[in-house]
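In what follows, a structure is listed as structure tokens, so that the remarks can point back to it.
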There are 2 protein chains.
Amino acid sequence: MNKQIDKQAAQKLAQAMGDECIAFRVRALNRIVTNLYDAALSPLNVTVNQATMLIMLSLVGEATPGRIGQVLIMEKSTISRNLDRMKKQGWVETAGRDGGKEQVVRATPAGRTLLVALHPIWEAAQKQVAEFLGSKGVSAVHTLHEAVRKKHPV
Amino acid sequence: MNKQIDKQAAQKLAQAMGDECIAFRVRALNRIVTNLYDAALSPLNVTVNQATMLIMLSLVGEATPGRIGQVLIMEKSTISRNLDRMKKQGWVETAGRDGGKEQVVRATPAGRTLLVALHPIWEAAQKQVAEFLGSKGVSAVHTLHEAVRKKHPV
DNA sequence: TGGTATATGTTGTATATACAACCAGTAATT
DNA sequence: AATTACTGGTTGTATATACAACATATACCA
């Protein structure tokens with residue numbers, strides 16, 4: 001008659017949630033994949049997140065922070081601080097008033113050099129992860145990305 | 001003849017990497033899914049990560065921090081700090097010397113009460129995410145989780 | 001039984017992340 | 001033109017995360 005539920009009932013609820021939870025699965029996958037890439041990239045002193053941003057910038061030439069956030073699906077404050085770290089490393093630079101509105105960010109020559117060094121390591125990591133996930137897993141990732149892009153068009 | 005590669009070459013490399021990169025896709029998905037759940041759970045002042053840990057603990061009754069890390073695929077130091085926050089909220093407690101070896105963690109009555117409140121909200125979030133990902137996306141998540149569990153058996 | 005090795009947890013440090021609050025330009029309206 | 005609304009960026013604060021270094025307890029072995 002008390003308000004506390006017993007452990008049995010809690011377990012039943014937990015079972016229901018744990019059996020299906022998408023968040024847990026996606027988050028665990030994220031940890032594994034991120035750690036694999038980060039370990040591979042650590043000799044270059046770059047993280048997979050930073051690599052992603054550099055790749056994106058090299059692809060489009062230059063972009064405002066806001067645009068970067070749109071494409072990479074990241075919150076603007078996250079972009080702001082990630083760019084700070086990359087600037088400190090000398091991989092990207094800002095044109096126009098720093099901190100000002102509509103500033104433009106682009107990769108530096110050093111950033112492009114890093115990109116070249118990145119390529120084989122990225123390939124190895126990608127291969128390792130693909131092996132980990134299996135071919136079905138890899139297609140599953142692309143399936144999911146399609147769903148994401150439908151809601152977050154570039 | 002300089003060592004710097006030109007922007008064209010950089011763009012080509014970037015294209016190759018961006019087109020296929022599993023890490024970017026998984027990480028973006030993680031951000032989206034995590035944010036959706038966290039937004040839904042915020043009225044309860046709990047995060048999806050904390051909810052996951054609470055669910056897991058309720059499911060198994062009790063576990064050492066190390067065991068929690070095994071099951072949830074989290075680094076031990078991450079577990080340590082996440083548990084700190086949950087203890088501060090009163091949702092979990094430790095039996096045995098706190099900080100000592102082989103301590104046991106379990107949900108408190110307050111934790112189980114939270115679990116009950118969690119259930120409908122979790123269901124709504126899960127539904128929302130399932131809709132976002134589509135049925136194909138949801139199966140893709142489960143496919144990926146199978147791959148993960150093959151390498152990280154519980 | 002004493003000493004070393006191993007397993008388990010915590011703490012220092014750093015990145016990634018987001019929300020809220022804030023600040024500074026730009027645009028819109030009257 | 002002046003005031004207001006909006007847009008884009010940064011900063012305060014908090015969680016999640018991991019690696020390295022450390023502390024401690026348990027186990028093993030000589």
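When reading the values below, keep in mind they use all heavy atoms of this one structure, side chains included, and skip hydrogens, waters and symmetry mates. Each chain gets a letter, A, B and so on, in the order the sequences are listed, and its residues count up from 1.
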Check your understanding: Thr64(A) side chain to Val104(A) main-chain N or O, any donor-acceptor pair under 3.5 Å?
Key -> no

Practice item. Please state how far atom NZ in Lys87(A) lies from atom C1' in dT15(C), giving the value in whole angstrom units. Key: 17 Å

Interface polar pairs with nucleotides 24-26 of chain C, N/O, under 3.5 angstrom:
residue: dG25(C); atom: N2; partner: Lys101(A); partner atom: NZ; Å: 3.2

Review point. Which is it for Thr94(B) and Lys87(B) under the side chain to side chain donor-acceptor pair (under 3.5 Å) test, yes or no, and what are the steps along the way?
Key: CA-CA 8 Å; Thr94(B) 296; Lys87(B) 278 186 220 170; 3.3 Å; yes

**Study point:** Tyr37(A) OH to dA16(C) P, straight-line distance once rounded to whole Å
**Key:** 16 Å

Point to revise | Under 3.5 Å: donor-acceptor pair, side chain of Arg85(A), backbone of Gln50(A) | key: no

Review point. Donor-acceptor pair, Thr78(B) side chain versus Met74(B) backbone, under 3.5 Å?
Key: no

Check your understanding: Just to confirm, is there a sub-4.0 Å distance from OP1 or OP2 of dT15(D) to any side-chain nitrogen or oxygen of Asn82(B)?
Key -> no

Practice item. Using a heavy-atom cut-off of under 4.0 Å over every strand shown, decide if Thr64(A) touches base, sugar-phosphate, or nothing. Key: sugar-phosphate

Check your understanding: Between Met74(B) (CE) and dT15(D) (C1'), how many Å, whole number?
Key -> 12 Å

Point to revise | Main-chain N/O of Asn30(A) paired to Thr34(A) side chain as donor or acceptor, under 3.5 Å | key: yes

Practice item. Check whether any side-chain nitrogen or oxygen of Gln103(B) sits under 4.0 Å from OP1 or OP2 of dT10(C), and answer yes or no. Key: yes

**Study point:** Test: Arg106(B) and Glu93(B) ion pair at under 4.0 Å
**Key:** yes

Practice item. Check whether any side-chain N or O of Ser80(A) sits under 3.5 Å from a backbone N or O of Lys76(A) as a donor-acceptor pair, and report yes or no. Key: no

Point to revise | Below 4.0 Å: OP1/OP2 of dT17(D) and any side-chain N or O of Thr34(A) | key: no

Might you list the N or O atoms of the protein lying below 3.5 Å from N or O atoms in nucleotides 19-21 of chain C, with each pair's distance?
residue: dC19(C); atom: N4; partner: Ser77(A); partner atom: OG; Å: 2.7

Point to revise | Shortest non-hydrogen contact between Gly18(A) and Ile55(B), atoms and distance | key: N-CG2, 3.9 Å

Check your understanding: For dA14(C), does OP1 or OP2 lie under 4.0 Å from any side-chain N or O of Arg85(A)?
Key -> no

Review point. Between dT15(C) atom P and Trp91(A) atom CH2, what is the distance in whole Å?
Key: 10 Å

**Study point:** Strand-adjacent residues in residues 18-31 of chain B, judged by heavy atoms under 4.0 Å from DNA chain C
**Key:** Arg27(B), Arg31(B)

Review point. When you measure from the side chain of Glu75(B) to the backbone N and O of Ser77(B), does any donor-acceptor pair fall under 3.5 Å?
Key: yes

**Study point:** Whole-Å distance separating the CG atom of Asn49(A) from the P atom of dA16(C)
**Key:** 5 Å

Exercise for review: State whether the side chain of Gln128(B) and the backbone N or O of Leu36(B) hold a donor-acceptor pair below 3.5 Å, judged by distance alone.
Suggested key: no

Check your understanding: How many Å lie between CD on Gln70(B) and P on dT8(C), as a whole number?
Key -> 8 Å

Check your understanding: Can you tell me how far P of dA14(C) sits from CG of Asp84(A), to the nearest Å?
Key -> 16 Å

Review point. Lys88(B) has an atom NZ; how far is it from atom P of dT10(C), in whole Å?
Key: 14 Å

